[in-house]
Peer 1: 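Just dropping this structure here.
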There are 2 protein chains.
Amino acid sequence: MKNERRVCGRMTEPKIKNMEEFAAVSGISRPTLSKYFNDPSSVRRSTRTRIESALEKFDYQPNFYAMNQNRRLTKNIGIVIPYMADPFFAEIARNVENLVLDAGYRPILLGSHGDPEQEIENLENLRVIKPAGVLLAPLGRVSDPDRLSAFCADVPTVLFDANIENVGEAFVGSDNMQSIGLMVDYLCETGEPPAFFEMKSPSNPNALKRRSAYVYAMERLGHAPLLLQAPGEGWDFEDIGFQEGSRVISERNLPSDTILCSNDRLAIGFLSAAYQLGLRVGSGAESALRVAGHDDHPFSRYTCPTLTTIAQDYEAIARKSAQTLFGMIESNARPVSRIETVFDGNLVRRGSA
Amino acid sequence: MKNERRVCGRMTEPKIKNMEEFAAVSGISRPTLSKYFNDPSSVRRSTRTRIESALEKFDYQPNFYAMNQNRRLTKNIGIVIPYMADPFFAEIARNVENLVLDAGYRPILLGSHGDPEQEIENLENLRVIKPAGVLLAPLGRVSDPDRLSAFCADVPTVLFDANIENVGEAFVGSDNMQSIGLMVDYLCETGEPPAFFEMKSPSNPNALKRRSAYVYAMERLGHAPLLLQAPGEGWDFEDIGFQEGSRVISERNLPSDTILCSNDRLAIGFLSAAYQLGLRVGSGAESALRVAGHDDHPFSRYTCPTLTTIAQDYEAIARKSAQTLFGMIESNARPVSRIETVFDGNLVRRGSA
DNA sequence: ATCAAAATTTAACGCGCGTAAACTTAATTA
DNA sequence: TAATTAAGTTTACGCGCGTTAAATTTTGAT
């Protein structure tokens with residue numbers, strides 16, 4: 001059976017092949033139609049109505065490829081996130097995607113699977129489709145800053161979530177100093193000062209910021225910082241948290257009865273370890289350990305116990321990143337200096353601390 | 001500051017504008033180059049070498065839009081999954097994506113966010129870019145079968161994960177009858193026969209298959225099936241599992257001390273409820289309840305206790321779906337009849353049952 | 001060396017739309 | 001109502017590549 005694609009559409013109103021034909025049947029000239037498809041608001045209201053009613057009658061849509069071939073700038077916007085299988089990034093990507101769509105652009109979502117080469121490849125793939133701009137949540141420390149910079153020199157790019165010095169025209173993220181400070185304050189007010197549980201060599205720049213923020217907050221309150229650093233590389237944070245958690249708990253090597261994890265995924269692994277070793281976690285008197293996280297990961301409300309954490313303002317970050325990019329695109333100008341915007345996090349009190 | 005994109009590339013070897021110019025500098029005629037870029041193996045080995053060494057010297061890549069404009073079929077393959085923020089789908093999508101890439105196609109990943117309209121919109125967006133084929137994991141019961149069919153009539157499509165009767169040229173998924181049978185056997189051998197915990201009106205067709213499989217397996221073993229059906233719609237499975245779990249546990253309404261959940265995400269919510277209500281879950285004698293899931297969700301190894309479940313063969317499903325689609329594309333033929341392939345699941349024994 | 005098959009080159013056309021210039025029509029303002 | 005401006009039409013060209021047909025070269029087997 002040959003692959004004869006059935007032509008869909010009624011015989012009475014045959015499918016319109018190209019803009020020329022649509023111009024004929026709609027009674028609008030092709031250049032005007034071209035303007036309309038490029039930006040519907042650029043034509044007079046009355047002609048817009050005429051076009052749109054013709055559109056309803058004749059179902060035609062311009063050829064995507066021919067359309068973009070000769071345009072200086074397409075309406076495509078690339079969205080690159082470090083890890084698609086991490087619900088945190090999936091969620092923030094969804095927010096960004098919707099904003100891009102609402103602004104009349106076409107989002108193209110790519111995940112880097114934790115691999116810096118994949119990240120570069122994603123950007124190179126984007127280059128091919130000549131995007132109007134890119135929203136990039138970089139891998140971080142492992143990213144190739146030179147190649148990232150080279151890309152950003154060619155395509156207007158806004159970084160979000162993780163910052164890399166001097167890469168991109170702007171950065172939007174969370175204020176780790178504020179959020180970690182908030183959490184340390186809370187933990188100190190309600191119990192023993194926390195130790196900080198993190199990866200020894202974290203790939204995410206936020207992790208480093210959170211470490212300093214923790215140290216700063218502890219010293220501000222007159223406590224000695226206690227760092228608990230797990231070995232391990234990569235993006236399998238739960239496993240790293242689990243392994244190191246198991247070790248320190250079974251060796252009775254906990255520097256404090258309160259553990260502040262650098263992120264929720266580490267905390268999820270840590271909590272799992274505590275459970276398996278029979279260590280009761282929670283804020284109550286009957287518990288031996290308190291655990292807190294950071295990010296308000298979608299799963300943090302189902303851990304045992306539920307995880308006290310910091311909720312990042314997904315929505316604000318997504319909105320600000322997108323708006324910054326749209327501004328650059330529409331004004332066809334780059335900011336004079338690199339703009340960094342950070343939003344406050346909110347404390348989410350749950351069972352674990 | 002005007003948006004003057006810096007031209008990257010050395011002055012000594014100026015950037016090649018188009019295939020014509022590349023033909024000039026490489027000493028290969030344009031039609032041959034065109035053939036090469038369409039399929040590198042379609043030119044003689046010696047000329048291929050010449051082209052590729054020229055490519056290293058001159059960095060040129062054909063204009064994506066001009067390239068696809070006049071091709072009957074692009075090298076794009078759409079991948080549509082129901083929910084990007086579900087790590088299960090993110091993982092399977094990653095597998096599929098890599099296979100598509102390795103086969104020399106260009107994957108375009110779209111998530112439907114659990115919304116049937118978004119699903120249709122994704123397909124319509126794909127239509128615009130004239131994909132060679134589509135790999136579709138449909139939402140299921142809520143999907144619009146007519147519009148899905150209409151799309152599949154125009155574009156070669158392979159369904160995976162969730163089956164919809166007569167939609168697409170083929171289906172690849174898991175054998176729920178086998179996997180649920182396996183789990184029921186295991187649970188009955190090691191303890192009390194399980195009750196089946198599911199959503200009252202699940203949107204996923206696998207859920208219905210699993211229900212029947214459970215009933216069949218129980219009757220085969222001479223037990224009366226026990227269905228525990230949670231109200232609720234949508235994709236917030238953990239919450240649904242948690243709510244109903246909380247209810248039946250606190251009302252002491254458990255029909256059995258063994259609960260087989262229709263999927264891991266329900267189980268995750270259920271386990272969280274059990275923990276919060278102080279009900280000890282596990283296979284040991286000291287536990288009051290056993291819980292099992294299905295899918296081997298990435299988080300199922302960090303639940304408390306760790307979740308006994310069925311691992312679907314991600315990799316086999318991805319490979320078979322992709323190969324089936326590639327076969328159709330390359331032979332330019334559709335299968336005479338719709339092919340359905342299912343793979344066995346494997347029991348993953350962990351702490352919860 | 002001979003010759004047919006296979007691969008490449010040359011030349012030329014078309015795809016569907018962006019875009020620019022010159023002109024005409026419609027809407028706005030005085 | 002005339003003058004002005006904004007919007008639309010006509011005409012025409014170009015983009016970069018797919019594709020075809022005929023002419024030519026290369027290849028590999030005889």
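Below, each value reflects all heavy atoms present in this structure, side chains not excepted, and no hydrogens, waters or symmetry copies. Reminder, nothing fancy here: chain letters follow the sequence lines and each chain counts from 1.
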Peer 1: Hey, is the side chain of A:Thr32 poking within less than 4.0 Å of OP1 or OP2 on D:dT9, counting only N and O atoms?
Peer 2: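 For D:dT9, OP1 or OP2 has a side-chain N or O of A:Thr32 closer than 4.0 Å.
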Peer 1: Rounded to whole angstrom units, what separation is found between the CD atom of A:Glu20 and the C1' atom of D:dA12?
Peer 2: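 Those two atoms, CD and C1', are 12 Å apart.
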Peer 1: Consider the side chain of A:Asn70, meaning its heavy atoms from C-beta on, and name the nucleotide among D:dT9, C:dC17, D:dC17 that approaches it most closely.
Peer 2: C:dC17
Peer 1: By nearest atom, which of the nucleotides C:dT8, D:dG16, C:dG18 is closest to the B:Ala66 side chain?
Peer 2: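 So the nucleotide nearest the side chain must be D:dG16.
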Peer 1: Under 4.0 Å from OP1 or OP2 of C:dT8: is there any side-chain N or O of B:Thr47 that close?
Peer 2: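 For C:dT8, OP1 or OP2 has a side-chain N or O of B:Thr47 closer than 4.0 Å.
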Peer 1: Between C:dT10, C:dA20, D:dC17, which nucleotide gets closest to the side-chain atoms of A:Pro31?
Peer 2: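 The nucleotide sitting nearest to the side chain is C:dA20.
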Peer 1: Under 4.0 Å: is that the gap between some side-chain N or O of B:Ser29 and OP1 or OP2 of C:dT9?
Peer 2: yes
Peer 1: Nearest to the A:Ser34 side chain among C:dT19, C:dG16, D:dC17, which nucleotide is it?
Peer 2: C:dT19
Peer 1: Starting at NZ of B:Lys35 and ending at C1' of C:dA7, how long is that distance when rounded to a whole Å?
Peer 2: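 Going from NZ in B:Lys35 over to C1' in C:dA7 covers 7 Å.
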Peer 1: Under 6.0 Å from the six-membered ring centre of A:Tyr65 and within 45° of its axis: does the NZ or CZ of B:Arg71 meet both?
Peer 2: no
Peer 1: Do A:Asn122 and A:Ser112 have side-chain atoms, one donor and one acceptor, less than 3.5 Å apart?
Peer 2: yes
Peer 1: How is B:Tyr60 classified with respect to the nucleic acid when contacts are heavy atoms under 4.0 Å: base, sugar-phosphate, or nothing?
Peer 2: sugar-phosphate
Peer 1: Starting at atom CG of B:Asn68, determine the distance to atom P of D:dT19, rounded to an integer number of angstrom.
Peer 2: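 It is 11 Å, rounded to the nearest whole Å.
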Peer 1: Looking at A:Glu91 and A:Tyr314, what are the two nearest heavy atoms and their distance?
Peer 2: CB-CE2, 3.4 Å
Peer 1: State which of C:dT9, D:dG14, C:dA26 makes the closest approach to the side chain of A:Arg44.
Peer 2: C:dA26
Peer 1: Would you mind classifying the nucleic acid contact of A:Pro62 as base, sugar-phosphate or nothing, using non-hydrogen atoms under 4.0 angstrom?
Peer 2: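 Counting heavy atoms under 4.0 Å across all strands, the contact made by A:Pro62 is with sugar-phosphate only.
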Peer 1: Over how many whole Å does the gap from B:Met67 atom CE to C:dG14 atom C1' extend?
Peer 2: 18 Å
Peer 1: If you look at every heavy atom in B:Leu148 and B:Ile164, which pair is closest and at what distance?
Peer 2: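 Answer, listing the atom of B:Leu148 first, then B:Ile164: CD2-CD1, 3.7 Å.
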Peer 1: Give the rounded distance in Å between these two atoms: CG of B:Leu33 and P of D:dC17.
Peer 2: 10 Å
Peer 1: How many Å lie between CD on A:Glu21 and C1' on C:dC15, as a whole number?
Peer 2: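 From A:Glu21 CD to C:dC15 C1': 13 Å.
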Peer 1: For D:dG16 and B:Asn63 - does any side-chain N or O of the residue sit under 4.0 Å from the phosphate oxygens OP1/OP2?
Peer 2: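 Answer no for this pair, as no side-chain N or O of B:Asn63 is under 4.0 Å from OP1 or OP2.
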Peer 1: Out of D:dC17, C:dC17, C:dG16, which nucleotide sits closest to the side chain of A:Met19?
Peer 2: C:dC17
Peer 1: Please figure out whether B:Arg30 or B:Gln69 has its closest DNA chain C nucleotide nearer the 5' end.
Peer 2: B:Arg30
Peer 1: I need the CG-P distance between A:Asn38 and D:dG8, as an integer number of Å.
Peer 2: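 Answer to the nearest Å: 14 Å.
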Peer 1: What is the distance, to the nearest angstrom, from the CZ atom on B:Arg50 to the C1' atom on D:dT26?
Peer 2: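 Spelled out: CZ on B:Arg50 to C1' on D:dT26 is 11 Å.
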Peer 1: Got a salt bridge between A:Glu97 and A:Arg94, using NZ or NE/NH1/NH2 to carboxylate O under 4.0 Å?
Peer 2: no
